[in-house]
Amino acid sequence: MIPWIYSNIFKLNFITLFLTLGMRIPLIKGLIKKLLKSKHELLYEGMHDMLFKNRQPDDIHEVVPNRPMIPESIQKSIDYNYQAQHAIYSSGKHSGTIYCSENEELNKSISYAMGMFNDSNAFETESFIGAAQLNADIANLTKRLFNGDDETYAFTTCGGTESIMSSIAAYKFWAREEKGITKPNIVFFSTAHAAFTKGSLLMEIEPREIPVDKNGFHNPQLVYKYMDSNTIALVTSACGYAHGNIDDIETIAGIAHDHNIGCHVDNCLGGFVNCFVEFSQKKVLPFDFRVKGVTSISADTHKYGYGPKGMSVCMLRPKKLFDYLKFTSVDHSGVPFSVNNFGTTRSGAIVAGTWTALMKTGLRSYADKVKKVNETTLRIREEMKKCPDLKLYGPNNCYNMVCFDTVNFNPIGLSSKMKYEKGWHLSEVQHPPLCHILITDANLDKSDGFLEDLKDCIELAKKAGKKYKVSGYQALYGVTTKIKDASILEKFIEIVLDCSFSTTLERAKIDDE
């Protein structure tokens, strides 16, 4: 308990208190907004470059047209907006994000399937029996990929966040009914996905975050210091988004088992890599239901499963966890119904596209792709170890990501040079500032070029020092590294969200007033 109290309660410093109270007083609120105005402008400049500068005034539609647009105009707008984004990622110089997008044959098959099931809803099983069957296939084959047994139940969700939140909800309801816990908490490392914090806050569960050491390593024994009689689940990652760490799942799941609580494995990013790496490697870090104590897993089909965006699978064991997650209404004014996840509609188009990706790729092809991804990852790691200007961060023990730091110069500056000089979009993370590259089927054949470009940009970044061009997210990153107060940072991050729903920069600024 003591470490958790120290790391959370004592974050409430004087500035945070002043801002929290001040934003409730009109006069002080106005003063605070004026003081932050220059920082807002800096962020808006970055968002302009990222979101607004390429938008065509005649292609912005804030209202439904009085008359139907002619087909040519619709196609022109669709083509323009597609080409605007395709130009960014078609080079294959992205960290993650794009997993298999340039496979024309696969895309054609997926598009056909999605078109055929465009008006289907897998939830309405009586009307859309075909979509329901494909949905069940996806859930059950994923369960078997992760070595689930007859007591394991799987279901599809709209993405990794919903899968994670579903597991959290199941643990809450189970602990309340079977253990009488009314003030539950979950324990996870600071490298866990933000969805665990989000889900905890939405469901009134106390999130307890264990810090990693300065080099990014985890100590599973710290779990004992953060858990108590109200702990309902422990969380592990395979792998974590920021650093690519695969946690010591056997040890943590063992602790969970010994204390009769849940253990979730977040396989959203690495799941469909972990499942197939065993075909090419004899020794694989534990990640699935073969580990004693693992009671839930989340895995995204829309990443290394190569399906369309918007689908994940949540798996629960034993089945009673799934039963506690069900919501059943027998007195609804419409009809009685039962549902196991947060939404009811499940797009038949995404279901059919995902099913097609799984069937058309097949077990052996997945294994071959993962082998290439892993070999490329290992090669890049080895080359980085040889570079005196770079150092690997954390365990770096996953099969598809390399997380690295720079020596005596800014890693974000290096990322900027890679983007504006060579066209590479690396992933930037914080606490501490780092970069990572996620290897996918879309970029693995660019590894030689990546290493050459990285070598060139290291020299450019060292010469530039603190002076480098920033993108929209780098503008946000620059602000967050200078301002430490969480209550202020939330406002800046919310600007990014507001901008994404605005059609012009001017409208975004008006909404911010």
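Computed over heavy atoms, backbone and side chain alike; hydrogens, waters and symmetry mates excluded. The structure displayed is predicted, hence computed values, not measured ones.
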Audit row: Phe155, Leu316, side chain to side chain contact (heavy atoms under 4.5 Å, CB included) steps and yes/no: CA-CA 9 Å; Phe155 57 94; Leu316 301 171; 4.0 Å; yes
How are the rings of [X] and [Y] set relative to one another: parallel (under 30°), tilted (30 to 60°) or perpendicular (over 60°)?
X	Y	value
Tyr304	Tyr99	perpendicular
Phe276	Tyr366	parallel
His436	Tyr241	perpendicular

N/O donor-acceptor pair under 3.5 Å between [X] side chain and [Y] backbone:
X	Y	result
Asn219	Gln221	yes
Glu162	Phe342	yes
Asn140	Ala136	yes
Asp247	Ser237	yes
His302	Met311	yes
Ser280	Val277	yes
Lys179	Asn260	yes
Asn443	His94	yes
Thr231	Ala233	no
His259	Ile255	yes

Do [X] and [Y] have side chains that approach each other closer than 4.5 Å (heavy atoms only, starting at C-beta)?
X	Y	value
Val294	Asp288	no
His243	Thr191	yes
Gln281	Tyr399	yes
Lys172	Ile181	no
Leu363	Phe279	yes
Thr236	Cys263	yes
Leu392	Val402	yes
Leu434	Cys403	yes

Do the charged groups of Lys309 and Asp300 touch, with an N to O distance under 4.0 Å? no
Taking 4.0 angstrom as the limit, do Lys320 and Asp323 come out as a salt bridge? no
Give, for atom [atom1] of [X] and atom [atom2] of [Y], the distance between the pair rounded to the nearest 0.5 Å.
X	Y	atom1	atom2	result
Ile210	Lys225	CD1	NZ	10.5 Å
Tyr324	Arg176	OH	CZ	10.0 Å
Ile164	Ser298	CD1	OG	4.5 Å
Leu234	His257	CG	NE2	13.0 Å
Leu285	Phe287	CG	CZ	10.0 Å
Ile138	Gln133	CD1	CD	10.5 Å

Here's a test for you: under salt bridge (charged side-chain N to carboxylate O under 4.0 Å, His left out), which of Lys143, Arg144, Arg317 qualifies with Asp149? Arg317
Restricting to pairs with a member in residues 113-133, which pass ring-ring contact (aromatic ring centres under 6.0 Å, His included), not counting sequence neighbours? none
Between Asn135 and Thr156, is the side chain to side chain donor-acceptor pair (under 3.5 Å) condition met? List the steps. CA-CA 7 Å; Asn135 193 51; Thr156 61; 2.7 Å; yes
Could you tell me which non-hydrogen atom of [X] sits nearest to which non-hydrogen atom of [Y], and how far apart they are?
X	Y	answer
Arg346	Asn121	N-OD1, 2.8 Å
Ser190	Pro211	OG-CA, 3.9 Å
Leu325	Ala170	CD1-N, 3.9 Å
Ser163	Cys314	O-SG, 3.5 Å
Asn397	Gly244	OD1-O, 3.6 Å
Ile246	Cys239	CG1-CB, 4.0 Å

Validate the cation-pi geometry between Lys369 and Tyr306: distance from NZ or CZ to the six-membered ring centre under 6.0 Å, angle to the ring axis within 45°. yes
Near [X] [atom1], under 6.0 Å, is it more than 12 heavy atoms from other residues, nucleotides or ligands?
X	atom1	value
Leu201	CG	yes
Asp258	CG	yes
Met116	CE	no
Lys319	NZ	yes
Gln85	CD	yes
Lys391	NZ	no

Under 3.5 Å, side-chain donor or acceptor atoms of residues 349-358 against the rest of the protein: list the pairs with distances, not counting sequence neighbours.
{"residue": "Thr354", "atom": "OG1", "partner": "Ile350", "partner atom": "O", "Å": "2.8"}
{"residue": "Trp355", "atom": "NE1", "partner": "Asp137", "partner atom": "OD2", "Å": "3.1"}
{"residue": "Thr356", "atom": "OG1", "partner": "Ala352", "partner atom": "O", "Å": "2.8"}

Using the side chain to side chain contact (heavy atoms under 4.5 Å, CB included) rule, take Met203 and Met165 through it: C-alpha gap first, then chi angles, then the decisive distance, then the call. CA-CA 9 Å; Met203 286 176 270; Met165 291 174 62; 4.1 Å; yes
Run the numbers on Thr152 and Phe289 for side chain to side chain contact (heavy atoms under 4.5 Å, CB included), then give the verdict. CA-CA 9 Å; Thr152 307; Phe289 285 114; 3.6 Å; yes
I would like to know whether Phe272 and Leu145 meet side chain to side chain contact (heavy atoms under 4.5 Å, CB included); could you show each step before the answer? CA-CA 9 Å; Phe272 280 82; Leu145 283 174; 3.7 Å; yes
Between Phe196 and His264, does the ring centre distance come in under 6.0 Å? yes
Tell me, with the steps shown, if Asn374 and Asn400 meet side chain to side chain donor-acceptor pair (under 3.5 Å). CA-CA 6 Å; Asn374 186 35; Asn400 54 323; over 6 Å; no
